[in-house]
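As structure tokens, the structure follows; a few thoughts come after it.
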Protein chains: 2
Amino acid sequence: MSRSGAPAARDPASVAPTAAQARVIAAALELFSRYGVGGTSLQMIADEIGVTKAAVYHQYSTKHEIVLAAAEAELTRLEAVVAAAEAERSPGRARDALVTGMVDLAVARRRTVRTILNDPIIGGFFAEHEQFRQVMHRMRHLLVGDERGPEARVSTAMLIAAISGAVMHPFVASLDDEVLRAQLLRLARRFLGLPG
Amino acid sequence: MSRSGAPAARDPASVAPTAAQARVIAAALELFSRYGVGGTSLQMIADEIGVTKAAVYHQYSTKHEIVLAAAEAELTRLEAVVAAAEAERSPGRARDALVTGMVDLAVARRRTVRTILNDPIIGGFFAEHEQFRQVMHRMRHLLVGDERGPEARVSTAMLIAAISGAVMHPFVASLDDEVLRAQLLRLARRFLGLPG
DNA sequence: GTCTATAGACCGATAGAC
DNA sequence: GTCTATCGGTCTATAGAC
């Protein structure tokens with residue numbers, strides 16, 4: 001769903017990036033994961049792509065916009081996982097699809113997910129970003145249904161943090177993607193009390 | 001243990017900080033959690049304390065040293081929790097004490113733990129920091145004994161990430177410390193397959 | 001869409017007075 | 001231990017040629 005070829009402008013705030021914008025976003029995400037958002041300059045992004053700063057400013061007119069576009073690009077991937085889970089036929093299947101999709105996404109984008117969900121600057125952006133709150137709310141609903149008490153909040157937060165944080169922990173650096181994926185999925189399901 | 005009044009220089013690399021150094025570390029940790037390590041300047045640290053940059057440089061001669069001192073200060077807290085757990089009489093009690101101590105520490109230092117464990121710059125410091133690797137190894141041993149396979153690695157990484165990441169998730173921002181502590185402890189114990 | 005060149009602010013770091 | 005003052009360099013951002 002939502003291939004990058006078609007325009008598909010569903011949201012006026014976040015239209016599909018052009019090819020040049022996608023290169024900026026990819027370079028930014030790579031550098032953010034290595035140096036953090038605050039430790040990444042426009043010069044570093046330009047050097048990573050192989051152009052000058054002015055060429056980057058032609059795509060996005062402030063650093064703020066680049067950070068927002070990079071965060072939204074990753075959020076869009078997560079939203080696709082959530083939407084696919086919501087399309088399942090039963091709440092049980094939906095919850096299962098969400099956990100599997102979260103693990104797949106976290107492993108596939110091992111180096112970026114942790115920064116996107118933990119960098120304090122991006123966290124500040126998300127705090128005032130309605131799309132992010134809605135995705136989080138939909139994830140919680142898929143995981144714990146209509147419950148909204150402390151246990152529902154803490155268990156959802158722990159599952160998201162466990163999956164997204166574990167993939168960059170030094171303990172798992174030596175594991176290849178398939179082994180990591182299998183273990184993450186099994187342990188995440190166990191955390192939720194799901195069968196094996 | 002290890003009150004800041006006594007000299008107690010056990011490690012030549014990380015001696016106990018003076019009062020002035022402790023103020024720098026506290027200001028740095030606060031700002032790191034708000035803006036990230038790369039997004040925090042020495043001017044910001046100096047302003048937070050209410051002195052000039054030169055006064056900060058009198059305590060630590062590079063920014064690198066400040067980041068290292070701040071990371072080590074937090075690592076020392078975690079090491080104390082690990083040491084207390086290791087002093088328990090049985091492996092079961094030790095594991096229990098570790099989980100409880102980790103939760104207490106994460107809740108007490110809600111705003112700082114996530115940054116310390118997830119900021120990419122600090123992560124790079126820890127990668128070449130023997131004390132950090134030893135503490136992680138001791139935590140894994142307390143949690144899963146002599147097992148060193150993928151499951152032992154992934155489950156340890158997930159528990160650490162879950163506890164340290166959940167305390168700053170927007171879902172739990174409205175919970176007071178005691179409620180958060182109780183839920184974190186209960187769910188962490190359930191993740192490890194421990195009784196109630 | 002990319003370049004060179006530049007503006008003005010801020011960066012980490014140092015010198016030396018008190 | 002803190003200050004003022006300063007260094008050279010890098011930062012974000014802009015102007016204008018090709």
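If you're wondering where the values come from, they're calculated on a predicted model, not measured in any experiment. Any value given below was found using the heavy atoms of this structure, including those in side chains, with hydrogens, waters and symmetry copies removed. First the proteins, then the strands, lettered A, B, ... as listed; each starts at 1.
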Would you say A:Asp146 has more than 12 foreign heavy atoms packed within less than 6.0 Å of its CG? no
Looking at B:Arg133, I'd like to know if its CZ atom is crowded, meaning that more than 12 non-hydrogen atoms belonging to other residues, nucleotides or ligands lie closer than 6.0 Å. yes
First-last contacting nucleotides on DNA chain C - partner chain B, under 4.0 angstrom, heavy atom: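 Under 4.0 Å from chain B, the extent on DNA chain C is C:dC11 to C:dA15.
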Describe the nucleic acid contact of A:Ser41 in one word from base, sugar-phosphate, nothing, applying a heavy-atom distance below 4.0 Å. sugar-phosphate
Residue closer to the 5' end of DNA chain D, B:Lys53 versus B:Thr18 (nearest nucleotide):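 That would be B:Thr18.
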Using heavy-atom distances to pick each residue's nearest nucleotide on DNA chain D, tell me which of A:Ala54 and A:Thr40 is more 5'. A:Thr40
Report the relative orientation of the aromatic rings in B:Phe125 and B:His64; use parallel for angles under 30°, tilted for 30 to 60°, perpendicular for over 60°. tilted
Could you state the atom-to-atom distance from NZ of B:Lys63 to C1' of D:dC11 in whole Å? 13 Å
Starting from the C-alpha separation in whole Å, work towards a yes-or-no answer on side chain to side chain donor-acceptor pair (under 3.5 Å) for A:Gln131 and A:Glu72. CA-CA 9 Å; A:Gln131 188 189 6; A:Glu72 280 177 346; over 6 Å; no
Tell me whether A:Arg190 forms a cation-pi arrangement with B:Phe191, defined as NZ or CZ under 6.0 Å from the six-membered ring centre and within 45 degrees of its axis.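 Geometry flag: set, cation within 6.0 Å and 45°.
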So B:Glu86 and B:His141, side chain to side chain donor-acceptor pair (under 3.5 Å) or not? Walk me through it. CA-CA 10 Å; B:Glu86 287 169 339; B:His141 189 262; over 6 Å; no
